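Just below is one structure, and these are the notes that go with it.
None of these values were measured; they are calculated from a predicted model. Note that ligands are numbered from 1 as they come in the structure, with each ligand's atoms numbered from 1 the same way. Throughout, residue positions are numbered sequentially from 1 according to the sequence presented.
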Amino acid sequence: MIDLKNLTIEKAHEAMKAGEYTSRQLTQAYLDVIAEKNKNIFAFIEVFDDALVQADAADAVFKSGKATLLTGIPFGTKDNILIEGKHASAASGILVPYISTYDATVIKLLKEQGAVFLGRTNMDDSAMGSSTQTSYYGITKNPHDESRVPGGSSGGSAAAVASDMSLVALGTETCGSVRQPAALCGLVGLKPTYGALSRNGLIAMGNSLDQAAPMTKTVRESEIIFQTLSKYDPMDSTSVSEELRITNYELQKGSTPSKKIGIPRSFFAKGLDNEVEKNFNESVEKLKNAGYEIVDLEMPDLEYSLAVYYIIMPAEVSTNLSRFDGIRYGLSLDGKDLLEVYEKSRGTGFGKEVRRRILLGTYILSHGYYDAYYNKAVLLRDKITREIKKAFESVDFIMTPTTPTPAFKIGEKMDDPVAMYLCDIFAAPANLSGIPAIAIPSGETASGLPLSVQFISPHWGESSLFEIGKKFETLR
Ligand code: GLN
């Protein structure tokens, strides 16, 4: 019996290298857990029928002595990441029949390492949501308490890792979709610097915000996946060249003192759950005792982050999703003329929340309102980014709770979109300004629900995030 609960990438690698078990046996162990738990938790939309074939190929690589850390490692992948020849639908009715014609760059990089793809994980329709309740295929449950949501939109990836249906997983972030479900399921979730991981082959939501992102049990595993996937890609026009990555990182590293954490309390003081607040303060104390310097930050512009996100994101969504017209991809329903084809296909294919955002985005970008909404939001986005950059002149990290509350009940917030949007409140600044952030488990509520804090660093500060993250793991 493999101890899946305590398994990490490195432990699995060592065991496979030592011949304790093969990737086929490891993959089968996960498939067995999926067979047992997925009916109920519903982390996976589909389990790939060639998972064991992929594992055999990885075992051959081990035999040849060329295995790397990710060879033979089972991954769950969110349903908005393309894998050639497999369905990819972003859990949206409009894309259910779609089959990917190429590999996303992040998948290509993992294939080069011999990773094993177990299947596609569930998510909110088109990556819009914070609870994985709007998927075309059905809801995913939180493995820590099945009456609760796993968070979203990468809730399937989170639930898969948290219930040992997969060793690690990939999700995507537009605004918190990896950090928030990681927090609600007791995992580590990294939102990389914008431009670090290629967006080529992700089903786009908001191009200026999207990033693929790892979800793991430990910080070290997040680091391994990040290091493998953080590569310049000519297929993504916003991918940053290798040269600039290093320069940027060294620049920010040299200009700041070490071990200094800033806390923008007025940003998150309102509306915080009591247990989240208590746990956050305890986490700060632990860091203080471990030698970190803690200072307060006044960052008055952060409070506009969510409002700005909910202007910029729908504008980009309405543009991106116009390609799903009932003609080119996925679902196509007959109509008496072209307009009726559009109306029927899009009206039936997209869920309610997606339609809401397309309408909102179309309105925001319309002639009469473009200046009033979109342009104003772009200016404010820049102001927020400048405020964050200013803060990093005096601190190394900004720290906040990852989410305002622990996992909430299934059904809750479904009739109140604004309450659902507020789940993203602490996530938005990093996505808007393109900086990286990592969510790390920080304890549990009295009833055993996971709690989490996030550390945010300047652009290209991932290695500092991994460093503080590993330290924080030892303080829990
Ligand atoms: N909760 C965010 C939203 O609904 C999630 C977006 C994302 O990161 N994919 O927009």
Side-chain angles (χ1 to χ4, degrees), residues 77-81 88-92 121-135 140 149-158 169-185 189-192 194 197 199 202-215 305-321 350-361 364 377 381 402-405 407-408 412-414 416-439 454:
T77 45
K78 190 174 176 180
D79 189 35
N80 59 352
I81 305 177
S89 71
S92 185
T121 55
N122 201 19
M123 56 185 284
D124 281 296
D125 184 344
S126 306
M128 299 173 202
S130 306
S131 65
T132 316
Q133 296 180 91
T134 66
S135 161
T140 297
V149 303
S153 63
S154 315
S157 289
L170 283 189
T172 61
E173 273 241 5
T174 304
C175 182
S177 272
V178 156
R179 284 168 288 160
Q180 188 255 10
L184 270 41
C185 290
L190 171 76
K191 197 294 276 184
Y194 181 77
L197 271 56
R199 291 183 296 110
L202 308 188
I203 297 174
M205 178 177 166
N207 302 36
S208 75
L209 303 151
D210 296 344
Q211 275 291 282
M215 306 180 80
S305 301
L306 199 63
V308 169
Y309 170 71
Y310 273 94
I311 299 288
I312 288 179
M313 173 273 299
E316 295 187 14
V317 158
S318 72
T319 315
N320 271 324
L321 272 52
F350 290 129
K352 189 169 146 199
E353 180 60 25
V354 180
R355 292 203 302 273
R356 185 191 337 265
R357 295 191 194 192
I358 292 172
L359 287 171
L360 214 66
I364 288 163
R381 180 184 194 171
T402 307
T403 57
T405 68
F408 47 92
E412 218 182 298
K413 307 188 203 284
M414 280 304 274
D416 185 352
V418 175
M420 192 66 90
Y421 298 168
L422 283 169
C423 299
D424 309 327
I425 188 150
F426 307 142
N431 300 84
L432 288 175
S433 58
I435 53 178
I438 195 164
Q454 79 167 333

Worksheet item: Counting from 1, what ligand 1 atoms have a heavy atom of M205 closer than 4.0 Å?
Response: 6 (C), 9 (N), 10 (O)
Worksheet entry | Spacing of CD belonging to Q211 relative to OG belonging to S177, to within rounding of 0.5 Å | 13.0 Å
Worksheet item: Backbone or side chain, does any N or O of A127 fall under 3.5 Å from an N or O of ligand 1?
Response: yes
Worksheet item: Looking only at atom types and distance, does a side-chain atom of S153 sit under 3.5 Å from a main-chain N or O of M123, one as donor and one as acceptor?
Response: no
Response to the item:
For Y310, the atoms of ligand 1 under 4.0 Å from one of its heavy atoms are 3 (C), 4 (O), 10 (O)
Worksheet item: Under 4.0 Å from any heavy atom of T174, which atoms of ligand 1 are there?
Response: 6 (C), 7 (C), 8 (O), 9 (N)
Worksheet item: Going by the atom numbers of ligand 1, which of them fall below 4.0 Å from some non-hydrogen atom of E173?
Response: 8 (O)
Worksheet entry | Check: L202 and N80 side chains under 4.5 Å, non-hydrogen atoms | no
Worksheet item: If you measure from each heavy atom of R357 to ligand 1, is any distance below 4.0 Å?
Response: yes
Worksheet entry | Check: L432 main-chain N/O paired with R381 side-chain donor or acceptor under 3.5 Å | yes
Discussion item. Give me the nearest non-hydrogen protein atom to atom 2 (C) of ligand 1 as residue plus atom name, then the distance to 0.1 Å.
Written reply: D424 OD2, 3.2 Å
Discussion item. Show the atoms of ligand 1 that are less than 4.0 angstrom away from any heavy atom in G129.
Written reply: 1 (N), 2 (C), 3 (C), 4 (O), 5 (C)
Practice prompt. Please indicate whether any nitrogen or oxygen in S177 is less than 3.5 Å from any nitrogen or oxygen in ligand 1.
Written response: yes
Worksheet item: Can an N or O of M128 be found at a distance shorter than 3.5 Å from an N or O of ligand 1?
Response: no
Fill in: Sidechain-backbone polar pair: D124 side chain, Q133 backbone, donor-acceptor under 3.5 Å
yes
Fill in: Any side-chain heavy-atom pair of R356 and P417 under 4.5 Å
yes
Worksheet item: Does some side-chain heavy atom of P181 sit less than 4.5 Å from a side-chain heavy atom of T132?
Response: no
Worksheet item: Is there side-chain contact between T402 and Q180, with at least one heavy-atom pair below 4.5 Å?
Response: no
Item to complete: Answer side chain, backbone, both or neither: which part of Y309 comes under 4.0 Å from ligand 1, heavy atoms only.
Response: side chain
Discussion item. Within the 4.0 Å heavy-atom shell around S153, which atoms of ligand 1 are there?
Written reply: 9 (N)
